[in-house]
Amino acid sequence: MPAHADPSRARPLPIPDRRVVVALVAAAALVVSLLQAVAMSPRADAANVGSGSYADAIPAGGAVPTECNNTPITNPRAHVTSNFPAGAIPTNDWWTSLLWRKFDCASISENLMAHPAAFHAFTNGLGMSYPTNASISGTATGVSEYHYSYAEDVRIGIAGLTADGKVDGYSDWTVSELWSSGGNSLRTTFGHGLPFVYATKTGGNATLTTTGTPTVWSTANGAVGFSVNGHDYAAFGPTGSTWSVSGTTISSSLNGGAYFSVAVLPSTGSASGRAAALAAYAPYAHNHVTGTKVSWTYDESAAKLTATYQFTTTAKQAGSAGTVFALYPHQRDNLAGTTLSTYSYVSPRGPMRVAIGASQFQTVTPFNGVLPQLANTGFTSGADVNQLNGYVNEVAGTDPFAGFGEDTYWTGKAIGRATQVAQIANLTGNTGARDALLGKVKTRLTDWMTASPGETQRLFAYDSRWGTLIGYPASYGSDTDLNDHHFHYGYYVVGAATVAQFDPAWAADSAYGGMVNTVIKDAANWDRNDTRFPFLRDFDIYAGHDWAAGHGAFGAGNNQESSSEGMNFASGLIQWGQVTNNKTVRDLGIYLYTTQASAIENYWFDTDDEAFPAAFGHSTVGMVWGDGGAYATWFSAEPEMIQGINLLPSTAGHLYLGYDPAYIGRNIAELERNNGGPATVWKDIIWEFQALADAPTALSQFRSQAGSYTIEEGESRAHTFYWLKNLAGVGTVDRSVTANTPLHAVFVKNGVRTYQAANMGSSAVTVRFSNGVTLNVPARSVASSTGGTTNPTPTPTPTPSPTPTPSPTPSPTPSPTPSPTPSPTPSPTPTPTPTPGMGIPATSRIQAEAYAAASAVAVEATEDLDGGSNVGWISNGDWLRFDRVDFGSTPRTQFVARVASGAINGASGLVQVRLDSPTAAPVGSFAIASTGGWQAWRTVPANIAGTTGRHTVYLTFESGQPADFVNVNWFTFQ
């Protein structure tokens with residue numbers, strides 16, 4: 001056995017703080033990346049923005065976006081055409097894997113979850129799928145996922161065309177891919193909400209290749225209607241076109257034309273129904289959608305946000321005006337003025353209702369406001385005042401950044417914690433603590449908003465190749481994957497707004513305000529004419545929420561874990577825009593906030609039981625994926641963290657979490673069921689959420705454990721106490737009343753309303769509420785008044801206060817989205833070991849230690865969820881052999897493995913699948929680097945060539961370094 005496989009070699013002991021492990025690995029990666037960054041970038045100089053500045057190149061030691069071979073991407077335009085718009089490269093979208101080959105150099109794309117259709121680009125065209133069946137893994141009381149996975153129905157191509165597809169253009173929610181070789185070309189446009197794919201071509205015949213023999217049920221008027229895999233489709237050619245069928249190929253010369261379209265039809269369950277759907281769609285088949293665009297306006301007096309979604313079409317031949325599109329539930333819930341048909345589609349977000357013949361639609365959403373902090377209604381006299389003041393002074397008397405990492409995420413968390421306490425100090429008259437905290441926050445923000453020539457730490461640097469502003473030190477892939485910029489930078493914006501409230505000169509454009517706006521633009525550029533950054537980078541305009549991963553190159557599509565940190569960014573924009581009198585930024589924040597609040601309600605919380613499959617068994621997800629959702633996180637299987645990651649930070653900018661008090665009860669009931677009792681680690685986060693429905697109970701729990709519970713890193717006892725007691729006095733959020741300032745909130749308790757409004761400016765203002773109540777708000781304060789009655793609503797049944805229990809070692813606030821480790825995918829049911837002569841089902845969970853033969857590995861006890869053993873000490877050149885693996889007659893196209901890695905010094909490698917020989921060409925592979933420890937398990941999917949029949953399966957392992965780089969617990973095929 002080679003030395004590298006010595007089972008006696010020591011491994012680090014498990015470290016409870018998983019994010020500390022990840023941070024250490026990230027720090028090591030920064031050291032390793034020093035040479036690549038120096039080689040790529042000249043000495044960074046400063047680009048001035050008022051008194052602030054950013055580096056105009058990547059600083060020495062700074063990592064940059066990387067691709068499939070783990071090397072820096074020197075040309076982000078390698079996979080786009082010359083027609084692709086100049087300026088910044090769009091990232092963090094549902095289709096970004098078309099231009100960013102993060103994990104597989106040979107893949108034209110990963111799965112593109114557009115809804116209602118899903119797509120995958122290949123060298124011979126565009127695969128199209130209509131996923132209607134959810135696969136569900138896990139349990140209703142633990143980690144679980146549901147996925148409407150891509151399963152190809154038809155591939156759209158041109159006879160004789162094989163080429164490397166490239167992105168030819170995009171709009172707000174569509175993308176166009178071009179394949180071109182010799183005289184043959186195919187250009188397809190597809191997008192969110194579109195049942196159609198619009199195609200133009202040159203050269204050979206248009207071809208539709210189905211994955212099973214199609215049932216053709218209509219051939220008339222240049223169109224063909226067919227069914228495959230239980231889904232109905234129609235293809236439309238120019239007038240006079242005919243379509244021929246040969247086996248699994250449907251083709252047409254298009255009567256000499258150069259355009260066609262393919263639509264997935266809504267399922268109707270009858271022959272007459274599908275024929276009627278084809279007839280309803282046909283008049284719009286040749287109105288090709290060539291552009292999509294969103295715009296928004298905010299009516300401050302009515303507190304309503306109107307968003308307009310426009311489709312630009314180009315008529316290829318005469319037909320009806322308009323187009324066909326399907327709306328997500330969050331759009332349907334706020335729809336104004338568009339009549340929907342009876343047709344609908346299945347989607348991972350719930351039913352998508354169809355509009356026919358329209359060219360735009362509008363949503364009108366009331367805005368119930370945000371506050372920089374709750375008004376002080378509960379601390380006017382008595383012992384509680386002294387107790388709170390002691391907590392405030394405890395925070396103010398120390399360095400608020402001590403114990404936090406220097407990277408953008410952890411610095412942001414520290415800023416968020418300090419600004420919340422500074423606002424409390426201001427509202428309770430503790431000006432000394434307020435000024436001490438504000439001074440420290442301003443100093444740190446000023447440092448970050450200033451870049452000196454040659455500086456490498458606490459600065460933002462502009463990468464002109466991508467059009468992005470990266471903060472260094474970076475973390476959790478915010479540099480190599482362009483992950484999570486909205487998560488990180490939102491804390492800075494909230495902090496800047498708080499500083500601006502008390503020092504408006506600091507926030508002037510000529511001082512540091514211009515630099516703050518530049519940071520905002522990186523994550524959410526509102527100015528289409530400013531091509532330094534993509535338009536609304538992190539926000540998926542049609543899906544209604546942010547995406548976290550810059551590349552989106554996962555088998556399940558893109559993902560978003562901490563929706564509440566995305567909302568922190570939106571709330572920060574509202575506050576910053578208000579305090580600096582920048583209504584453009586303010587209204588952008590309101591658009592993001594109102595749209596995403598509805599999306600969270602529908603897709604993270606599913607309050608109306610419409611999105612999650614009935615068999616999923618959960619009332620919330622920790623992560624939303626392009627093709628589904630997961631009761632899971634990147635960092636923990638603890639229920640309170642799975643649920644809590646979408647509840648932090650808990651601020652008065654997050655009152656949307658209290659829009660449905662009844663749902664809060666369901667959410668906490670599930671947490672306590674799955675947890676075996678109340679929260680034990682993130683108690684403060686869960687109490688603060690509970691307080692939005694039942695603050696007296698949450699306050700009682702806090703009082704009984706005030707000196708013993710463990711504080712979540714972004715929290716403080718000062719903030720938790722202030723939040724709980726004030727909410728105990730005012731009740732729950734009342735959405736029936738709004739105000740003519742965005743900085744407002746209304747609460748109701750026992751039928752009596754409390755009105756609150758903030759004034760971050762230097763002169764008093766009068767706020768008018770929609771029911772006629774007025775409130776005078778002094779400068780730089782939050783005011784409150786009580787009065788006016790409502791119909792009394794039942795008080796939620798209090799949750800019994802738990803018996804205080806000792807607090808365990810804290811598990812820190814999760815990182816938003818570490819990458820490149822892909823998401824967990826459904827775990828199949830283990831299959832018993834077959835009897836001699838029988839095959840091992842490829843779709844069973846195949847335990848790695850059950851290999852028939854292996855090279856230079858060892859077996860050890862695993863700490864993974866289900867126990868048992870795993871194979872470890874795997875390095876370059878090692879392999880595992882599994883005999884008689886039966887793939888069946890249905891092609892299996894995905895390999896899923898449960899892996900862990902504690903590799904250090906940047907070591908990584910490939911896990912490959914080979915059939916029948918350890919030297920055969922791999923049918924698929926994925927890359928793996930450190931997951932945070934040798935027992936920090938991740939479920940990683942990878943695409944493979946469609947495989948049927950019985951094979952000897954080899955897992956082979958390749959790495960450019962000699963060190964061990966991976967452990968394997970089990971694997972399966974789907």
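Sequential numbering from 1 along the given sequence is applied to the chain's residues.
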Looking only at the side chains, is there a donor atom on one of Thr468 and Asp463 sitting less than 3.5 Å from an acceptor on the other?
no
Does Lys725 reach the main-chain N or O of Gly378 with its side chain, forming a donor-acceptor pair under 3.5 Å?
yes
Please check if the side chain of Asn426 supplies one atom and the backbone of Arg780 the other of a donor-acceptor pair under 3.5 Å.
yes
Any chance you could lay out the side-chain contact (heavy atoms from CB on, under 4.5 Å) test for His545 and Ser563, step after step, and finish with the verdict?
CA-CA 8 Å; His545 58 80; Ser563 60; over 6 Å; no
So among Tyr409, Trp448, Phe460, Phe569, which one has a ring-ring contact (aromatic ring centres under 6.0 Å, His included) with Tyr489?
Phe460
Quick one: CD1 on Ile58 to CG on Asp479, what's the gap to the nearest 0.5 Å?
8.5 Å
Any side-chain donor paired with an acceptor under 3.5 Å for Asn70 and Ser908?
yes
Donor-acceptor pair, side chain of Thr931 and main chain of Ser901, under 3.5 angstrom:
yes
Looking at Asp384 and Arg703, is there a salt bridge between them, counting it only when a charged N and a carboxylate O are closer than 4.0 Å?
yes
Any side-chain heavy atom of Phe539 sitting closer than 4.5 Å to one from Asn92?
no
Between CG on residue Leu724 and CG on residue Leu727, distance to nearest 0.5 Å:
7.5 Å
Is the NZ or CZ atom of Arg444 both under 6.0 Å from the centre of the six-membered ring of Phe401 and within 45° of that ring's axis?
yes
Taking atom types as modelled, find out whether Gln575 and Ser571 have a side-chain donor-acceptor pair closer than 3.5 angstrom.
yes
Do the side chains of Phe689 and Ser650 get nearer than 4.5 Å, heavy atoms only?
no
Got a second to check how far Leu647's CG is from Thr620's OG1, nearest 0.5 Å?
7.5 Å
Would you call Arg532 and Lys521 a side-chain contact if the rule is heavy atoms closer than 4.5 Å?
yes
State whether Phe404 and Lys413 meet the cation-pi test: NZ (Lys) or CZ (Arg) under 6.0 Å from the six-membered ring centroid, and within 45° of the perpendicular axis.
no
Is there a side-chain contact between Tyr472 and Thr456 (heavy atoms, below 4.5 Å)?
no
State, with a plain yes or no, whether a side-chain heavy atom of Leu655 is found less than 4.5 Å away from one of Val370.
no
Only one of Tyr462, Trp466, Trp526 forms a ring-ring contact (aromatic ring centres under 6.0 Å, His included) with Phe533, so which one is it?
Tyr462
Between Pro72 and Val64, what is the shortest heavy-atom contact and its length?
CB-CG2, 3.6 Å
Does either side chain, that of Trp576 or that of Gln578, offer a donor lying less than 3.5 Å from an acceptor on the other one?
no
Assess the residue pair Lys440 and Asp399 against the criterion (salt bridge (charged side-chain N to carboxylate O under 4.0 Å, His left out)); give the C-alpha distance rounded to whole Å, side-chain angles, the decisive distance to 0.1 Å, and a yes or no.
CA-CA 8 Å; Lys440 294 168 186 176; Asp399 178 1; over 6 Å; no
Please check: side-chain N/O of Asn483 versus main-chain N/O of Tyr476, any donor-acceptor pairing under 3.5 Å?
yes
Hey, is the main chain of Leu671 close enough, under 3.5 Å, to the side chain of Asn675 for a donor-acceptor pair?
no
If you compare all heavy atoms of Asp509 against all heavy atoms of Gly513, which two are closest, and at what distance to 0.1 Å?
OD1-C, 4.0 Å
If we count only N and O atoms by modelled type, under 3.5 Å, do the side chains of His486 and Gln560 hold a donor and an acceptor together?
yes
Determine, stepwise, if the pair Ile424 / Leu388 fulfils side-chain contact (heavy atoms from CB on, under 4.5 Å).
CA-CA 9 Å; Ile424 293 170; Leu388 176 66; 4.3 Å; yes
Closest heavy-atom pair and its distance - Thr450, Glu455
O-OE1, 3.4 Å
Counting only N and O atoms by type, is there a donor-acceptor contact under 3.5 Å from the side chain of Asn726 to the main-chain atoms of Asn376?
no
Could you give the distance from CG (Asn517) to OG1 (Thr580), rounded to the nearest 0.5 Å?
6.5 Å
Does some side-chain heavy atom of His719 sit less than 4.5 Å from a side-chain heavy atom of Phe721?
no
Look up atom CG in Leu692 and atom CH2 in Trp687, then write down how far apart they are to the nearest 0.5 Å.
15.5 Å
Mark yes or no for whether Asn430, through its side chain, and Ala433, through its backbone, hold a donor-acceptor pair below 3.5 Å.
yes
Residues Ser478 and Ala474: closest non-hydrogen pair is OG-CB, 3.1 Å
Is Asp481 salt-bridged to Lys102, cutoff N-O under 4.0 Å?
yes
Is the NZ or CZ atom of Arg717 both under 6.0 Å from the centre of the six-membered ring of Phe702 and within 45° of that ring's axis?
no
Is there a side-chain contact (heavy atoms from CB on, under 4.5 Å) between Tyr512 and Thr446? Walk through the geometry before answering.
CA-CA 7 Å; Tyr512 295 95; Thr446 301; 3.4 Å; yes
Going by distance alone, is a donor N or O of one side chain under 3.5 Å from an acceptor N or O of the other, for Glu406 and Thr411?
no
Quick one: does Arg434's side chain have a donor or acceptor within less than 3.5 Å of a partner on Ala422's backbone?
no
Once rounded to the nearest 0.5 Å, what's the spacing between atom CD1 of Ile645 and atom CE of Met623?
10.0 Å
Within a strict 4.5 Å, meaning less than it, do heavy atoms of the Glu565 and His488 side chains meet?
no
Using the side chain to side chain donor-acceptor pair (under 3.5 Å) rule, take Gln423 and Thr419 through it: C-alpha gap first, then chi angles, then the decisive distance, then the call.
CA-CA 6 Å; Gln423 291 283 4; Thr419 53; over 6 Å; no
Please report the closest heavy-atom contact between Asn674 and Tyr631, naming both atoms and the distance.
ND2-OH, 3.0 Å
Examine distances only and state if a side-chain atom of Glu640 and a backbone atom of Thr680 form a donor-acceptor pair shorter than 3.5 Å.
yes
For the pair Met449 and Ser53, evaluate side-chain contact (heavy atoms from CB on, under 4.5 Å) and give the outcome as yes or no after the intermediate values.
CA-CA 6 Å; Met449 298 296 158; Ser53 54; over 6 Å; no
Has Thr518 got a side-chain atom pairing as donor or acceptor with Val49's backbone, closer than 3.5 angstrom?
no
Ser716 and Gln420, any side-chain heavy atoms less than 4.5 Å apart
no
Closest non-hydrogen atoms of Gly644 and Trp682, given as atom of the first, atom of the second and distance, are C-CZ3, 3.7 Å
